[in-house]
Amino acid sequence: MSAANQVIAVGGGIGGLSAALALSRKGIPVQVLEQAPEFKEIGAGIQLGPNVFRMFEVLGLTEDMFHWCAFPEGLEFRDSITAETIIDMRIDQRFHAKYNAPYGVIHRADMLNVILDACKKSNLIKLATAQKVVSIDDDGSAVTVKTESGETHRGAALIGCDGLWSTVREKIVGDGKPVVSGHIAYRAVLPTAEWPQEYRLPKMIVWCGEKTHLVHYPLRRGELFNLVVVFHSDRYEEGWDTYGDPAELHSRFADKCEPVRTLLQKVNAWKMWVLCDRPAIKNWSKGRITLLGDAAHPMLQYLAQGGNMAMEDAVCLANQIEASGNDFEAAFKTYQELRYLRTARVQLMARVFGEIYHASGVNRELRNKLLADWSKEGAIDMSWLYGEQPELPKVGTIPLPEPTRLHH
Ligand SMILES: Cc1cc2nc3c(=O)[nH]c(=O)nc-3n(C[C@H](O)[C@H](O)[C@H](O)COP(=O)(O)OP(=O)(O)OC[C@H]3O[C@@H](n4cnc5c(N)ncnc54)[C@H](O)[C@@H]3O)c2cc1C
């Protein structure tokens, strides 16, 4: 592989590996540089909207993703103070017919492994770990990076897929640290056998509380359960992937209904994240360097779309590079133009959905009433998010999967 025409992808998470795969499908060689000693995702679930299933189809990953996914039958919102159901939506044939694709959930490790295995099969992709990029230079005709261990890599262009704390973004945008939201997430995964029988339901359940919420859903074809708990706290400034403090968690949920408190007791070891995002920008490409995924547009998790957006970026970017005849500067500008309003909308709406999930007082009453009214009228339409996008390739209807059966 000639270094002259290869693209360097900094970061080998969902975004970096998807970008490498999408570019390789267009015949473009890619060198992936990942700082960690191995390509690895954290032990937690990730939700997959119909929009990302279209990207799986483009990248030839549908069958393998289907193998590892759980396909919930519905999405139910409950009030975590009264335990009442606010809205119970089906994810059924009607949902599938509307978006021409399913809604799934998957263990992050399974998702990353599917993409990684596809990358390993390509002779256009070079994968390197323990390569923390510390400096980047674009001299107008090529990009050179240096890693912490002193190695140098050269490429025709570079994609910063290095996440929320992106080094590449600091170089080309330079807008400092992400915005700390004051929202903290605790996550855990349990074998289904350890999950209370009463809540072994093949659906996603969101318990909305004042300044808190809890979500659970089955994972890995029903063998596991994923639990995410979020509350407001100004105790933490930054950092992620550390062990959480169960005592703090239980105190935050002390006033919630009995089922919520019981579910929290099921977990002994929690991992904790300080949730951050950034205001949307439209200048994430400069010369032969661009950004993708969380490096370009980090968002809060309330729409469950950060990873989905990274995969959409990857497909769009590869198409633009191909369309430009490998004129990277031009392609990076067009890609940014085509993507920034879509990703900005998701960044902004994720914040709005956070307000809705965590509403207090009158706003909580209003949320419960509006959601109930809208569901009766059939007015909840997520086409803006889950529907086809002009900048992304059209695909045929993706098969309707069998709903997941739980292991009892
Ligand atoms: C609580 C929570 C729940 C979420 N739920 C969902 C969901 O349900 N659905 C969804 O789509 N998204 C979800 N997300 C968002 C999703 O996790 C992210 O948007 C996604 O991981 C972004 O992928 P990425 O590849 O851009 O960045 P990352 O996953 O952060 O990957 C960046 C990679 O770059 C590497 N790296 C960093 N710096 C360097 C460097 N200098 N040199 C080399 N390598 C480097 C890192 O080690 C890492 O492997 C959630 C996020 C959170 C916090």
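In each ligand, atom 1 is the first atom listed, and ligand 1 is the first ligand listed. Hydrogens, waters and symmetry mates are skipped; everything else that's a heavy atom, side chains included, is used.
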Atoms of ligand 1 close to [X] [distance to a heavy atom under 4.0 angstrom, numbered from 1]:
X	value
Thr167	41 (N)
Leu275	53 (C)
Leu33	43 (C), 44 (N)
Ile14	25 (O)

Counting both backbone and side chain atoms, is some N or O of [X] under 3.5 Å from an N or O of ligand 1?
X	result
Gln301	no
Glu34	yes
Gly307	yes
Ala304	yes
Leu164	no
Gln35	yes
Ala185	no

Can you tell which of [options] gets a heavy atom nearest to [atom]?
atom	options	value
atom 4 (C) of ligand 1	Lys132, Arg108, Gln305	Arg108
atom 32 (C) of ligand 1	Gly15, Cys161, Ser135, Gly11	Cys161
atom 19 (O) of ligand 1	Asp294, Val134, Leu292	Asp294

Indicate whether the side chain of Asn5 and that of Asn326 have a donor and an acceptor atom separated by less than 3.5 Å.
->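 No - no donor-acceptor pair under 3.5 Å links their side chains.
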Taking the six-membered ring for Trp, are Phe353 and His213 ring centroids under 6.0 Å apart?
->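 So the answer is no for these two rings.
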Side chain or backbone of Asn308 under 4.0 Å from ligand 1, or both, or neither, by non-hydrogen atoms?
->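 The answer is both.
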Taking the non-hydrogen atoms of Arg187, is any one of them nearer than 4.0 angstrom to ligand 1?
->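 It does, in that a heavy atom of Arg187 comes within the 4.0 Å cut-off of ligand 1.
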Go through Lys171 and Asp138 one step at a time and tell me if the salt bridge (charged side-chain N to carboxylate O under 4.0 Å, His left out) criterion holds.
-> CA-CA 10 Å; Lys171 162 88 181 166; Asp138 175 359; over 6 Å; no
Under 30°, 30 to 60°, or over 60°: which ring-plane class applies to Tyr199 and Trp207, parallel, tilted or perpendicular?
->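 If you compare the ring of Tyr199 with that of Trp207, the planes turn out perpendicular.
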Would you call Arg351-Glu355 a salt bridge at under 4.0 Å N-O?
->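 Result for this pair is no, no salt bridge flagged.
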Taking everything shown except Lys26 itself, do over 12 heavy atoms lie less than 6.0 Å from its NZ?
->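 Buried by this count: over 12 neighbours within 6.0 Å.
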Shortest non-hydrogen contact between Phe53 and Gly104, atoms and distance |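 Scanning both residues completely, I find the closest heavy atoms to be CE1-N, 3.6 Å.
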